[in-house]
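Predicted model, so just to flag it, every value in this text is computed and none were measured. In this chain, numbering begins with 1 at the start of the sequence shown.
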Amino acid sequence: MVMTDPIADFLARLRNAIQAHHDSFTLPYSRIKHSLAEVLKREGYLQDVNVEGEGVRKQLVIHIRYLREGRFKRQVLTHIQRISKPGRRIYVPWREIPRVRQGLGTAVLSTSHGILSDKQARRLHTGGELLCILW
């Protein structure tokens with residue numbers, strides 16, 4: 001099965017798993033999904049990211065982070081929005097990278113240095129394709 005937008009698939013699976021209060025979910029492996037998940041883990045939205053299997057059967061296992069309040073769990077990630085899409089790519093220079101929720105949220109960019117958060121891209125003075133914003 002050919003997937004035209006693996007990033008949108010990843011974000012939709014993440015959004016669905018959070019709304020269903022799952023602790024983890026799996027999806028087919030790709031390098032871009034893995035690097036995006038690593039950025040989300042570094043920013044504190046995901047608990048852990050694991051790769052299972054080999055070759056064609058490789059799977060990415062994503063463990064979602066929740067805040068525990070007694071026996072209840074509150075989601076850390078409340079909003080996910082895809083910005084750049086296959087039909088309309090959005091590129092930004094490093095000076096115009098948006099500050100999401102006055103710095104409390106995160107913008108994720110695809111740059112020449114790889115997939116980076118907005119804070120990392122500003123520090124490296126590099127712009128790129130604005131993939132998504134989250135908070």
Side-chain angles (χ1 to χ4, degrees):
M1 182 170 127
V2 177
M3 190 177 309
T4 58
D5 193 4
I7 296 170
D9 177 61
F10 171 77
L11 295 175
R13 288 178 191 236
L14 177 61
R15 187 181 302 115
N16 291 341
I18 289 172
Q19 288 178 349
H21 299 287
H22 290 295
D23 290 327
S24 65
F25 68 99
T26 62
L27 65 156
Y29 178 85
S30 76
R31 284 185 311 206
I32 194 161
K33 291 178 199 175
H34 188 213
S35 57
L36 180 60
E38 288 294 334
V39 168
L40 295 182
K41 179 183 172 186
R42 213 174 312 122
E43 291 296 315
Y45 295 114
L46 298 178
Q47 186 84 23
D48 198 14
V49 177
N50 298 324
V51 179
E52 294 181 352
E54 293 181 6
V56 184
R57 298 187 186 267
K58 214 181 230 190
Q59 296 280 322
L60 200 56
V61 181
I62 309 292
H63 298 276
I64 303 167
R65 182 169 176 239
Y66 292 100
L67 297 174
R68 305 285 179 184
E69 295 174 352
R71 63 176 213 253
F72 301 105
K73 53 185 181 178
R74 198 178 81 204
Q75 59 197 34
V76 173
L77 190 57
T78 58
H79 181 83
I80 303 169
Q81 183 180 0
R82 177 84 158 110
I83 303 297
S84 184
K85 299 175 183 172
R88 183 171 185 216
R89 303 287 185 182
I90 307 293
Y91 296 94
V92 292
W94 75 273
R95 291 183 190 273
E96 295 177 19
I97 296 172
R99 292 196 187 275
V100 182
R101 308 274 273 193
Q102 285 78 36
L104 296 177
T106 303
V108 180
L109 291 95
S110 176
T111 68
S112 57
H113 298 280
I115 306 265
L116 301 175
S117 70
D118 55 348
K119 296 167 191 74
Q120 294 170 320
R122 276 191 211 94
R123 193 172 338 119
L124 293 172
H125 296 274
T126 184
E129 182 181 357
L130 184 59
L131 298 177
C132 61
I133 58 171
L134 328 127
W135 67 79

message: Working to the nearest 0.5 angstrom, can you tell me the gap between R15 CZ and Q75 CD?
response: 11.5 Å

message: Quick one, R82 and D5 - any side-chain contact, counting heavy atoms below 4.5 Å?
response: yes

Pairwise side-chain contact, L67 with V76, heavy-atom cut-off 4.5 Å (strictly under): yes

field: Same cluster (ILVMFWY, side-chain, under 4.5 Å), L46 and V51
entry: yes

- request: Report yes if the side chains of L14 and I64 come closer than 4.5 Å at any heavy-atom pair, otherwise no.
  value: yes

- request: Working to the nearest 0.5 Å, report the span between CD1 of I133 and CD1 of I80.
  value: 11.0 Å

message: Would you say that F25 contacts N16 through its side chain, given a criterion of any heavy-atom pair below 4.5 Å between the two side chains?
response: no

- prompt: Should I18 and L60 be counted in the same cluster of Ile, Leu, Val, Met, Phe, Trp and Tyr side chains packed under 4.5 Å apart?
  reply: yes

query: Sequence neighbours excluded, which residues qualify as side-chain hydrogen bond (donor to acceptor under 3.5 Å, both in side chains) partners of Y29?
result: none

- line: Looking only at heavy atoms, the pair that brings K33 and D9 closest together is NZ-OD2, 3.8 Å

- prompt: To the nearest 0.5 Å, what is the distance between CD1 (I83) and CZ (R88)?
  reply: 10.5 Å

field: H22: partners by ring-ring contact (aromatic ring centres under 6.0 Å, His included), with sequence neighbours left out
entry: none

- prompt: To the nearest 0.5 Å, what is the distance between CD1 (I62) and CZ (F10)?
  reply: 4.5 Å

task: Kindly give the heavy-atom pair with the smallest separation between G105 and D118, and that separation in Å.
output: O-OD2, 4.2 Å

message: Enumerate the side-chain hydrogen bond (donor to acceptor under 3.5 Å, both in side chains) contacts for residues 122-132, please, sequence neighbours excluded, ordered by first and then second residue.
response: S84-E129, R89-E129

message: Looking at every heavy atom in both L27 and Q59, which two are closest together, and how far apart are they?
response: O-OE1, 3.4 Å

message: Looking at every non-hydrogen atom in both residues, tell me the closest pair between L134 and V100 and how far apart they are.
response: O-CG1, 3.9 Å

- line: Smallest heavy-atom separation, G128 atom then L109 atom, equals N-CD2, 3.9 Å

query: Between I115 and W94, is there a shared hydrophobic cluster once you connect ILVMFWY residues whose side-chain heavy atoms come closer than 4.5 Å?
result: no

field: Residue pairs involving residues 60-91 (criterion ring-ring contact (aromatic ring centres under 6.0 Å, His included); sequence neighbours excluded)
entry: H79-W135

query: Where the side chain of K73 meets the backbone of H21, is there a donor-acceptor pair that is under 3.5 Å apart?
result: yes

Q120 side chain to S117 backbone, donor-acceptor under 3.5 Å: yes

- request: Can you measure from CD (E43) to OG1 (T106) and round to the nearest 0.5 angstrom?
  value: 4.0 Å

query: Could you state the interatomic distance from CG (L11) to CG (L131), rounded to the nearest 0.5 Å?
result: 8.5 Å

message: Quick check: closest heavy atoms across L77 and Y45, and the distance to 0.1 Å?
response: CD1-CD2, 3.5 Å

task: Please list, chain by chain and in numerical order, all residues satisfying side-chain hydrogen bond (donor to acceptor under 3.5 Å, both in side chains) with K119, sequence neighbours excluded.
output: none

- request: Identify whether V49 and L40 are in the same connected component of the hydrophobic contact network (ILVMFWY, side-chain heavy atoms under 4.5 Å).
  value: yes

query: Are L130 and P98 close enough that some pair of their side-chain heavy atoms sits under 4.5 Å apart?
result: yes

message: Just to verify, what does E69 make a side-chain hydrogen bond (donor to acceptor under 3.5 Å, both in side chains) with, not counting sequence neighbours?
response: R74

